[in-house]
Protein chains: 2
Amino acid sequence: MHQELRDNLETKISITDREMELIASHVTPRFIKKRKDLLVSGAICKDFAFVVKGCLRSYTIDEKGTEHVVQIAMENYWIADLHSYFTQQPSQTNIEAIEDSHLLLLSASSLEELYDQIPSLDRFFRKLFANALVISLERMNQSNSETAEKRYTKLLKEHPDIIRRVPLLHIASFLGITPESLSRIRKQLH
Amino acid sequence: MHQELRDNLETKISITDREMELIASHVTPRFIKKRKDLLVSGAICKDFAFVVKGCLRSYTIDEKGTEHVVQIAMENYWIADLHSYFTQQPSQTNIEAIEDSHLLLLSASSLEELYDQIPSLDRFFRKLFANALVISLERMNQSNSETAEKRYTKLLKEHPDIIRRVPLLHIASFLGITPESLSRIRKQLH
DNA sequence: ATTAATACTTACCATAGGTTAAGTTAATTT
DNA sequence: AAATTAACTTAACCTATGGTAAGTATTAAT
């Protein structure tokens, strides 16, 4: 269970056995059933979740009641409402399991302690956030420069796993279009 | 000239005089005239630029030759093509001064050295990238959930400085619409 | 197995924003 | 200060995507 986390950390930093024990002692395993919530908007996002197995989405709900998917996280991804997590203010975001999922939860206070005891964790998350930022800016740019059809075909090519495992209505929302539009786009692509 | 940078670092970490001297020795001042390029696509993004004074934009150009503004940076902001900077691969992005600007440039190799000599810089950039990520995800979400008019009025309210100092055509592009559309929106708002 | 809920599709009409084109205003350069 | 270039506006028309509604298919619950 902790091995996946260790492997993930070791993609960016090196970790000693002692350090890993310390990290493991701060992390809480959590199983969550499909369609159950890890976070509901209004609550404070207590934990940064590392996905050992499964699939989750974070999303907001606008005034009209429409959902907007912010992030889709599968194995070896991290998911949270970072704004709420960092500030410990109420979340605007919901996080829900798309499949039965195994998570490792790291609370904000635990992470603060770990930053002080294992300085390379600053480096790990510096790299993690920098990567995520590059991806987010690229996604924003695509949203401003490409049609929904191109965004879909690009996602299909680069993340076929998402297309396979995530319901179309959530993919549509992630792409910023309605399920009806994505259905039409798919049809045009035969 | 280095004081602005020190102040910026000290919003997130504390810095000793010795550390600041070391940082200063790795940083290159650069003056850039309005409408001149700091980075052209195809080149490798050598430097992370801290804006002491002035205003710049990063943007991509699509197949049709249309520009898409990715980032607008004014005083105390950092700007670069992060993907190119981290990987030292050719950039897809251009960076251009919107006003005559004073910058402090930090090369990728200098930054690597500094990370090893001043561990708290990992923490500084961890926080910087985390903040930027939160903002980028929020911007993406707005793009998926709000009309161009709402996005404009929100920008007007939260960043009146941008509206004042940046030409409308670049603001339009940043918002993901054409200058004609933004002009129409402005008219409707009287 | 049946029922109920969730996911997906289709079609028709509506609209925000894009495209084109022409003009005006403002900022630079000579 | 004239000339040039960049920035902004307006209007008529067009298109990608949204909204609504009704139906089918799939998955989950009883």
Side-chain angles (χ1 to χ4, degrees), chain A residues 32-37 55 57 59 61-69 72 94 96-100 142-156 162-190, chain B residues 32-37 54-57 59 61-69 72 94 96-100 142-156 162-190:
Chain A
I32 182 166
K33 279 235 142 207
K34 184 170 175 172
R35 250 177 286 264
K36 292 293 179 195
D37 295 316
C55 182
R57 67 180 176 121
Y59 64 97
I61 303 177
D62 68 22
E63 330 77 55
K64 288 174 191 157
T66 309
E67 296 181 358
H68 301 279
V69 173
I72 293 171
N94 305 269
E96 184 202 62
I98 290 176
E99 302 173 353
D100 291 354
Q142 273 184 44
S143 166
N144 282 349
S145 61
E146 280 165 23
T147 63
E149 179 174 329
K150 274 194 189 160
R151 281 178 273 144
Y152 174 71
T153 54
K154 204 164 220 167
L155 189 68
L156 187 61
I162 291 182
I163 307 291
R164 235 183 303 107
R165 290 166 63 179
V166 178
L168 172 140
L169 78 167
H170 297 146
I171 293 169
S173 173
F174 183 71
L175 292 171
I177 58 177
T178 61
E180 291 87 349
S181 289
L182 185 49
S183 199
R184 170 169 46 198
I185 286 167
R186 266 192 176 174
K187 192 184 173 190
Q188 283 160 1
L189 298 170
H190 308 147
Chain B
I32 182 167
K33 279 234 141 207
K34 184 170 177 173
R35 250 176 286 266
K36 293 292 179 195
D37 295 316
C55 184
L56 300 94
R57 67 181 177 121
Y59 63 97
I61 303 179
D62 67 23
E63 329 78 54
K64 287 173 191 157
T66 308
E67 296 181 358
H68 301 279
V69 173
I72 294 171
N94 305 268
E96 184 202 61
I98 290 176
E99 303 173 352
D100 292 353
Q142 273 185 42
S143 166
N144 281 351
S145 61
E146 281 164 24
T147 63
E149 179 174 329
K150 274 193 191 164
R151 282 178 274 144
Y152 174 72
T153 53
K154 205 164 219 168
L155 189 67
L156 186 61
I162 292 182
I163 307 291
R164 236 183 302 109
R165 291 167 62 179
V166 177
L168 173 142
L169 80 167
H170 298 145
I171 293 169
S173 172
F174 183 73
L175 292 171
I177 58 178
T178 60
E180 292 87 347
S181 290
L182 185 50
S183 201
R184 171 166 47 196
I185 285 167
R186 266 191 176 175
K187 192 184 174 188
Q188 283 161 0
L189 298 170
H190 307 146

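Sequence lines set the chain letters: A, B, ... in the order given, protein chains first and strands last, and positions in each chain run from 1.
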> Partners of B/S145 by side chain to side chain donor-acceptor pair (under 3.5 Å), sequence neighbours excluded?
Replying inline: none
> Which residues pass the salt bridge (charged side-chain N to carboxylate O under 4.0 Å, His left out) test with A/K36, sequence neighbours left out?
Replying inline: none
> Who pairs with A/R57 by salt bridge (charged side-chain N to carboxylate O under 4.0 Å, His left out), at least two apart in sequence or on another chain?
Replying inline: A/E67, A/E96
>> If you compare all heavy atoms of B/C55 against all heavy atoms of B/I72, which two are closest, and at what distance to 0.1 Å?
In response: SG-CG2, 4.3 Å
>> Using a strict heavy-atom distance below 4.0 Å, which residues from residues 169-177 of chain A are in contact with DNA chain C?
In response: A/L169
> For residues 179-190 of chain A, which residue pairs qualify under salt bridge (charged side-chain N to carboxylate O under 4.0 Å, His left out), counting only residues two or more places apart or in two chains?
Replying inline: none
>> Just N and O in the side chain of B/T178: are any of them under 4.0 Å from OP1 or OP2 of C/dG17?
In response: no
>> Rounding to an integer number of Å, can you tell me how far B/R151 CZ sits from C/dA16 C1'?
In response: 10 Å
> Who pairs with B/K154 by salt bridge (charged side-chain N to carboxylate O under 4.0 Å, His left out), at least two apart in sequence or on another chain?
Replying inline: B/E146
> What pairs with B/D62 under side chain to side chain donor-acceptor pair (under 3.5 Å), at least two apart in sequence or on another chain?
Replying inline: B/H68
> Residues in side chain to side chain donor-acceptor pair (under 3.5 Å) with B/E149, at least two apart?
Replying inline: none
N/O-N/O pairs, protein side and nucleotides 23-25 of chain C side, under 3.5 Å:
none

> Which heavy-atom pair separates A/D37 from A/Y59 by the least distance, and what is that distance?
Replying inline: OD1-OH, 4.3 Å
>> To the nearest 10°, give me the bend of the helix from C/dA1-D/dT30 to C/dT30-D/dA1, comparing the axes of its five terminal pairs at either end.
In response: 60°
> Can you list, by residue number, the residues of residues 181-189 of chain B that have a non-hydrogen atom closer than 4.0 angstrom to DNA chain C?
Replying inline: B/S181, B/R184
> What string of B, S and - do you get for nucleotides 24-30 of chain D, 5' to 3', when a contact is any protein heavy atom under 4.0 Å?
Replying inline: ----S--
> DNA chain D: A/E180 or A/A148, which has the more 5' nearest nucleotide?
Replying inline: A/A148
> What's the closest nucleotide to the B/L168 side chain, out of D/dT9, D/dA21, D/dT17?
Replying inline: D/dT9
